[in-house]
A.B. asks: 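Pasting a structure here, questions to come.
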Amino acid sequence: MKRIDSFLIGLFALLGSACQHQEAALLPYVNTYVGTAPSETHTAGLFGKNTEEYGQTLPAVLEPNGMNFWTPQTQDTERKCKAPYYYKDTRLQGFRNSHWIVGGCTQDYGSMTLMPVAGPLRCQPEARAAAFTHEKETSTPAYYAVQLPDYQLTAEMTGRSRSAIFRFTYNQTGEAHLVVNPNSDEGQGYIEIDTLHHQIRGCNPVHRIYQGWGEPAGFSGHFVIEYREQPSAFGTFHGDTVFAGHTRIEAGSAIGAYISFPVKAGQQLVVKAASSFTDSLGAIGNLQAEIPHWDFDRTRQELEAIWEQQLGKITVETHNQRDKRKFYSALYRASFLPRTFNDADGRYPAFGKGTSLLQTRDGHNYYEDYSMWDTYRALHPLINLLSPAKAGDMMQSLVDKYEQGGWLPIFPCWNSYTAAMIGDHCIAAIGDAYLKGIRGFDIERAYEGMRKNAFETPSWFEDYRNGMGRRALDSYLEKGYIPLEDSVKEAYHTCEQVSRTLEYAYDDFVLAQVAKALGKTDDYQVLAARARNYRNVIDPSTGYVQGRRADGTYLTEDNAFRFTRFITEGAPCHYTWYVPHDVEGLMECMGGKEAFVAKLDSMFSERRYWHGNEPCHQIAYLYDYAGQPQKTQRQVRHILDTEYLDTPGGLSGNDDAGQMSAWYLFSAMGFYPVCPGTPYYMMGSPVFPKLELHLENGKTFTLIAENASAENIYIEHMELNGKPYDKYFLTHEDILNGGILKVRMKNEE
């Protein structure tokens, strides 16, 4: 009871402060459809599109970083790389409590779908799908509505983190049905009707992807639907076979349940739903904690207040409404992941195929689904800046995973270990948080786990194969790079030796900074030396990274500008710039600043830059290090204008759990965290005449860009708190202290 009381107290406080920082509502500026259609950005480079054609986002109702993403469903599957909703689709199959890892090419899991149907009973998603148009569709982060003329009804949806409430308004008298199915592609799980308690309950077992593909993850998505009216009929179905009067069905593909009601024209039916990763009682408890009433409008108002508070953490002033929509739409997309994983009472399933249930610290949440290869770059730094208390819980959740599974995870998703992507970037995220003053997590236990990843390989091969530990660490420690002979076969992405070397060197740098801050001098010295390992894969004859054999020789192929097996999702020309912790050292490897700038220029003049994938995200900011900030300003503005549009096809690649959107947010604000694990944000080109960051410490950081416009993109002069400022970076402390940065913009370099 104590936890629920604190939950309600926090909610009331939130509602009271929701409009503290803005006079006008910000929700109308969110376009939830961006990224749901094929990319139509103006990308003209040599790389991109193809498999990254969609942003893979959702027009969802959710709490920021909530458990469920309540979304309209136009695609009936939990298969890899298939989002529940695409803008091109014209038929609606229902409403899903999705756990889609938004913006990626992964898979949904543990979900269920419900659909209101009128007239003859239709059970399977494709058979019951109703035509709809976007003109008759309303979508905000707090409310969704659609008219379904096939059934002469209007469906509305709003909700909270773990629960949702639906209102179906019928335009004609007749028979209405509510059809529910667990979305198990494996044909597992069950669904049952409890007519005594007016509930439909069920579960959808979760299966792993990447490491341990298809194996049970050790937990399920449990759900409950509650209704008020006594049904006139009910039953279950399996495929096209209906079992009237049956109350339970299990262990089959395409199974589900239905209840039927007589309705009159103008009548409204209200239905509630909730889910849990623990058990059926957890789902029921979540519903009781979050929506204990039947007042649709009350829940909508609560969620709208939560979103106004989230969006109001950054307020912008501009006459350019398109830029304002792009900005707040990006902030919406950067608010999905990581997701809350625990019930309202704090219970959650143990990490790493654990079947036991654990309990969070009172008043804190446990988070899951960290697309870490993507999000350590800008999304987690954004959370550190805007929501440090939440960031502390997210980092403690990583520590919890280490304690429960024995290893700090590499890419924790589906409450499981995976080595889906490369690097060891939980280290980068934890290190960046700690070094920027984020507290609320056990840094000593975190360091223990980070150090274990950096120095040890699992002694039991099954642990290693299961995704624990760094891939190819032994080779990296022995030679200072991963040679081409090590194919890294115990990974989803095999090979990619050069990219792994570069990313481990960066992670070692961040861990070295943490070791230094904690007084662990011996570790600091070893790790600081290892942070220079990037030099071992830069071919001195070309200045580009190159595959290197165990005998120390480099490949002689002319491959800098094409995809290669030793590079992750890109070409050597992309990964050559992946030395965020030692840009000056990279210049030295290239033969000096002049050669560095020439190569950097060629990334843009020769159309080699690829914004739709993360390895390029810091490149435009590297001119700052070379003393040519105007080039950073020019290229960043070009990317903002051409790679992000206010349309359903407005993303140039997968949003990757919000990383693409976080890049936009930072860059539109005028600065970017090139190297998480350091306190620096490199300056770009501020978009808005005035922007305010309303910080959790009660202070406000204001950035005023005089003369800012689409033409005036270059910085002429800066003042920080009334004093001339000639640096092309801000520090984290500069922002947290509050104050005013004044920037005068011009239209010529």
A.B. asks: Regarding Lys727 and Asp734, does a basic nitrogen lie under 4.0 Å from an acidic carboxylate oxygen?
C.D. replies: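 Salt bridge between Lys727 and Asp734, a charged N being under 4.0 Å from a carboxylate O: no.
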
A.B. asks: List in chain and number order the residues that pass side chain to side chain donor-acceptor pair (under 3.5 Å) with Ser371, two or more places apart in sequence or in another chain; answer none if no residue qualifies.
C.D. replies: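 Scan of Ser371 (side chain to side chain donor-acceptor pair (under 3.5 Å), adjacent residues dropped) gives Asp374.
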
A.B. asks: Is NZ or CZ of Arg500 both nearer than 6.0 Å to the six-membered ring centre of Tyr481 and within 45° of the ring axis?
C.D. replies: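 Geometry flag: not set, cation outside 6.0 Å or 45°.
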
A.B. asks: With under 30° as parallel and over 60° as perpendicular, where do the rings of Phe47 and Phe563 fit, or are they tilted in between?
C.D. replies: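 If you compare the ring of Phe47 with that of Phe563, the planes turn out perpendicular.
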
A.B. asks: If you look only at distance, which donor and acceptor atoms sit under 3.5 Å apart when one is on a side chain in residues 381-389 and the other is two or more places apart or in another chain?
C.D. replies:
unit_1 : atom_1 : unit_2 : atom_2 : d
Asn384 : ND2    : His380 : O      : 3.3
Asn384 : ND2    : Asp432 : OD2    : 3.1
Ser387 : OG     : Lys313 : NZ     : 2.6

A.B. asks: Is Asp393 salt-bridged to Arg361, cutoff N-O under 4.0 Å?
C.D. replies: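 Result for this pair is yes, salt bridge flagged.
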
A.B. asks: Less than 4.5 Å apart, any side-chain heavy atom of Asn536 and any of Asn533?
C.D. replies: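 Yes, at least one pair of side-chain atoms sits under 4.5 Å.
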
A.B. asks: Measure from the ring center of Tyr506 to the ring center of Tyr376 and say whether it is less than 6.0 Å.
C.D. replies: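 Yes, the ring centres sit under 6.0 Å apart.
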
A.B. asks: Quiz question: by atom type and distance under 3.5 Å, do the side chains of His364 and Tyr366 form a donor-acceptor pair?
C.D. replies: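 Tyr366 and His364 do not have a side-chain donor-acceptor pair below 3.5 Å.
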
A.B. asks: Answer yes or no on whether Arg471 is positioned over the face of Tyr464, meaning its NZ or CZ is under 6.0 Å from the six-membered ring centre and within 45° of the axis.
C.D. replies: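 Judged by the rule (NZ or CZ under 6.0 Å from the ring centre, within 45° of its axis), Arg471 counts as positioned above Tyr464.
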
A.B. asks: Which residues pass the side chain to side chain donor-acceptor pair (under 3.5 Å) test with Tyr575, not counting sequence neighbours?
C.D. replies: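 By the side chain to side chain donor-acceptor pair (under 3.5 Å) rule, Tyr575 matches Glu503.
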
A.B. asks: Taking side-chain contact (heavy atoms from CB on, under 4.5 Å) as the test, write out the residues that go with Ser356, two or more places apart.
C.D. replies: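 If we apply the side-chain contact (heavy atoms from CB on, under 4.5 Å) test to Ser356, skipping adjacent residues, the hits are Ala350, Leu358.
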
A.B. asks: Run the side chain to side chain donor-acceptor pair (under 3.5 Å) test against Thr568 and tell me which residues pass, sequence neighbours left out.
C.D. replies: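 Glu496.
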
A.B. asks: Salt bridge (charged side-chain N to carboxylate O under 4.0 Å, His left out) with Glu733: which residues, sequence neighbours excluded?
C.D. replies: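 Counting only residues at least two positions away or on another chain, Glu733 forms no salt bridge (charged side-chain N to carboxylate O under 4.0 Å, His left out).
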
A.B. asks: Could you check whether the rings of His425 and Tyr578 sit parallel, tilted or perpendicular, using 30° and 60° as the cut-offs?
C.D. replies: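 Answer is tilted, since the angle falls between 30° and 60°.
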
A.B. asks: Is there side-chain contact between Phe666 and Phe671, with at least one heavy-atom pair below 4.5 Å?
C.D. replies: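 Yes, close enough: below the 4.5 Å cut-off.
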
A.B. asks: Does the side chain of His574 reach to within under 4.5 Å of the side chain of Glu569, using non-hydrogen atoms?
C.D. replies: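 His574 vs Glu569: side chains apart.
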
A.B. asks: For Phe455, check ring-ring contact (aromatic ring centres under 6.0 Å, His included) against everything at least two apart and list the hits.
C.D. replies: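 Checked Phe455 against ring-ring contact (aromatic ring centres under 6.0 Å, His included); zero matches.
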
A.B. asks: Any chance the side chains of Asp523 and Tyr447 put a donor and an acceptor closer than 3.5 Å?
C.D. replies: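 Judged by distance alone, the side chains do pair up.
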
A.B. asks: With sequence neighbours excluded, give me every ring-ring contact (aromatic ring centres under 6.0 Å, His included) pair touching residues 526-560.
C.D. replies: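 ring-ring contact (aromatic ring centres under 6.0 Å, His included) check on residues 526-560 returns Tyr534-His581, Tyr544-Phe561.
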
A.B. asks: What pairs with Phe441 under ring-ring contact (aromatic ring centres under 6.0 Å, His included), at least two apart in sequence or on another chain?
C.D. replies: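 None.
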
A.B. asks: Pairs under 3.5 angstrom only: tabulate donor-acceptor contacts from the side chains of residues 589-602 to other protein residues two or more places apart or in another chain.
C.D. replies:
unit_1 : atom_1 : unit_2 : atom_2 : d
Lys599 : NZ     : Thr542 : O      : 2.9
Asp601 : OD1    : Tyr623 : OH     : 2.7
Asp601 : OD1    : Lys631 : NZ     : 3.2
Asp601 : OD2    : Lys631 : NZ     : 3.2
Ser602 : OG     : Lys599 : O      : 2.6
Ser602 : OG     : Arg608 : NH1    : 3.1

A.B. asks: Going by salt bridge (charged side-chain N to carboxylate O under 4.0 Å, His left out), name the pairs with one or both residues in residues 472-487, residues two or more places apart or in two chains.
C.D. replies: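 Found none.
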
A.B. asks: Heavy atoms, side chains only, cut-off 4.5 Å: are Gln396 and Asp442 in contact?
C.D. replies: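 A side-chain contact under 4.5 Å exists here.
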
A.B. asks: Please check if the distance between the ring centroids of His99 and Trp414 is under 6.0 Å.
C.D. replies: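 No, the ring of His99 stays outside the 6.0 Å limit from the ring of Trp414, centre to centre.
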
A.B. asks: Suppose we screen for side chain to side chain donor-acceptor pair (under 3.5 Å). Which residues come up paired with Tyr504, at least two apart in sequence or across chains?
C.D. replies: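 Applying side chain to side chain donor-acceptor pair (under 3.5 Å) to Tyr504 gives none.
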
A.B. asks: Would you call Arg377-Glu614 a salt bridge at under 4.0 Å N-O?
C.D. replies: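 Between Glu614 and Arg377 there is no salt bridge, as every charged N stays at least 4.0 Å from the carboxylate O atoms.
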
A.B. asks: Between Tyr680 and Phe729, what is the ring plane arrangement, given parallel below 30°, perpendicular above 60°, and tilted in between?
C.D. replies: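 Judged by the thresholds at 30° and 60°, the geometry between Tyr680 and Phe729 is perpendicular.
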
A.B. asks: Show your working on side-chain contact (heavy atoms from CB on, under 4.5 Å) between Glu368 and Lys401 and close with a plain yes or no.
C.D. replies: CA-CA 9 Å; Glu368 179 50 39; Lys401 297 176 199 304; 2.4 Å; yes

